[in-house]
Chemist: 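One structure follows; several queries about it will come next.
A note on names: the letters A, B, ... follow the listed sequences, proteins ahead of strands, and every chain is numbered from 1.
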Amino acid sequence: MSDIKPSKVIYVGSIPYDQTEEQVLEIAKSVGPVVDLKLLFDKETGKSKGYAFVEYSDLESAQSAVRNLSRYNIGNRTLKCNFSNETTLLNGNNNNNNNVISGTITDSVLGDNRKKIRNNKFKQLQSQSQSQSQSQTIPPLPPGIELSNNAQQSASDVITTELNKLDRKRLLNLVKDAKKMSTMNPTLMKTLLKETPQLSYALVEAALLLGLTGSSQLQTLLVDDGKIDQLQQQKTKIENKNKNKNNNKNLEELTLEQRELIKEVINMSDDQVNILPDDKKSVILQLKALYGNNIV
DNA sequence: GTTGAGCGTT
């Protein structure tokens, strides 16, 4: 984690130059409530400098942002997040209340006007981005647990440890809830799983722990969508081929008498079939379906 | 492409 002291303001670097402030805000908001955001632009060229400062309403959100946004992929870049080592944007106060001398004198007497202007600007940004993309976004994620006490443990190890603390009933509920969500809103669930690989990982591991799935089943899921489609098509093709083959083969193997009999049966009118007892009826219907077009 | 522009004082 970061070696810089936690603060509500975080530095976000490696932002692709074509990203707008609204787009960055959307990403920042996925972690927690954002109070202010500033993407830096080059005054001369007007181009983005590729980094921004985001102020969260609380320290937990900022910590969560540093944890979760640091590996966020956007365009062909990976965001770099850290606590800002500068003073905050709006109120000029540093969060470390004791013995703060890091804010400049100007910051501490920052004019109300400037605060208002910045605040208004930000509100404008908020409403812009809200109207733009409210449809399929997920609400802010819970801040999560600080992992720094277990610095040696990898993220997946932590998930394993935590899951092993749960009893069977709770594990089952976890999987059940996920299943329910997938049925109720598949698109949203897809987004959620995509944006939180930790959750996807935990759910798969939970299913394994519960014996609901095996590693061989999981292997089949690791094939990409295109390949699955291809496999499916191939499978139906082969199945159809076999079906026809079997029908023809069976027909060839039948004696002339049997063929005549079947012909007779499938030529029965619906009325004739309907008066038969149910079990006979279903056999005839099956024969009709099977040989209907093949017998001559 | 890795840490901030600016106003002008209750």
Chemist: Closer to the 5' end of DNA chain B via nearest nucleotide, is it Lys43(A) or Pro16(A)?
Modeler: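 Going by which nucleotide is closer to the 5' end, it is Pro16(A).
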Chemist: Please check this pair: side chain of Tyr11(A) against backbone of Lys80(A), looking for a donor-acceptor N/O pair closer than 3.5 Å.
Modeler: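 Looks like no, no N/O pair under 3.5 Å.
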Chemist: Check the distance between dT2(B)'s P and Arg71(A)'s CZ and give it to me in whole angstrom.
Modeler: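 Taking atom P of dT2(B) as the reference, CZ of Arg71(A) is at 23 Å.
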Chemist: Can you pull out every side chain to side chain donor-acceptor pair (under 3.5 Å) where at least one residue sits in residues 200-210 of chain A? Sequence neighbours excluded, please.
Modeler: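 Every side chain to side chain donor-acceptor pair (under 3.5 Å) pair that includes a residue of residues 200-210 of chain A, provided the two are not neighbours, is Thr160(A)-Glu205(A).
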Chemist: Asp42(A) CG to dA5(B) C1': how many Å, rounded?
Modeler: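 My rounded result for the distance is 12 Å.
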Chemist: Just N and O in the side chain of Lys121(A): are any of them under 4.0 Å from OP1 or OP2 of dA5(B)?
Modeler: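 Answer no for this pair, as no side-chain N or O of Lys121(A) is under 4.0 Å from OP1 or OP2.
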Chemist: Find the distance Leu39(A):CG to dT3(B):P and express it as a whole number of Å.
Modeler: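 After rounding, the reported distance stands at 14 Å.
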Chemist: Taking CD1 from Ile15(A) and C1' from dT3(B), how many angstroms apart are they, rounded to a whole number?
Modeler: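 Ile15(A) atom CD1 is separated from dT3(B) atom C1' by 12 Å.
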Chemist: Given atom NZ of Lys80(A) and atom P of dT3(B), what is their separation to the nearest angstrom?
Modeler: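 For the pair Lys80(A) NZ and dT3(B) P, the rounded distance is 12 Å.
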Chemist: Can you confirm whether Glu26(A) sits close enough to Lys29(A) that some side-chain heavy atom of one is under 4.5 Å from a side-chain heavy atom of the other?
Modeler: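 Answer yes - side chains close enough.
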Chemist: Rounded to whole Å, how long is the line connecting atom CG of Leu79(A) with atom C1' of dT2(B)?
Modeler: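 Going from CG in Leu79(A) over to C1' in dT2(B) covers 12 Å.
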Chemist: When we call it a touch if two heavy atoms are under 4.0 Å apart, what does Tyr51(A) touch: a base, just sugar-phosphate, or nothing?
Modeler: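 It contacts sugar-phosphate atoms only.
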Chemist: Could you state the NZ-C1' distance from Lys8(A) to dT3(B), rounded to the nearest angstrom?
Modeler: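 Computing the Lys8(A):NZ to dT3(B):C1' distance gives 19 Å.
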Chemist: Who are the side chain to side chain contact (heavy atoms under 4.5 Å, CB included) partners of Leu210(A), not counting sequence neighbours?
Modeler: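 So Leu210(A) forms a side chain to side chain contact (heavy atoms under 4.5 Å, CB included) with Arg168(A), Leu171(A), Leu172(A), Val175(A), Leu212(A).
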Chemist: Between dA5(B) atom C1' and Leu40(A) atom CG, what is the distance in whole Å?
Modeler: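 Roughly 8 Å, once rounded to whole Å.
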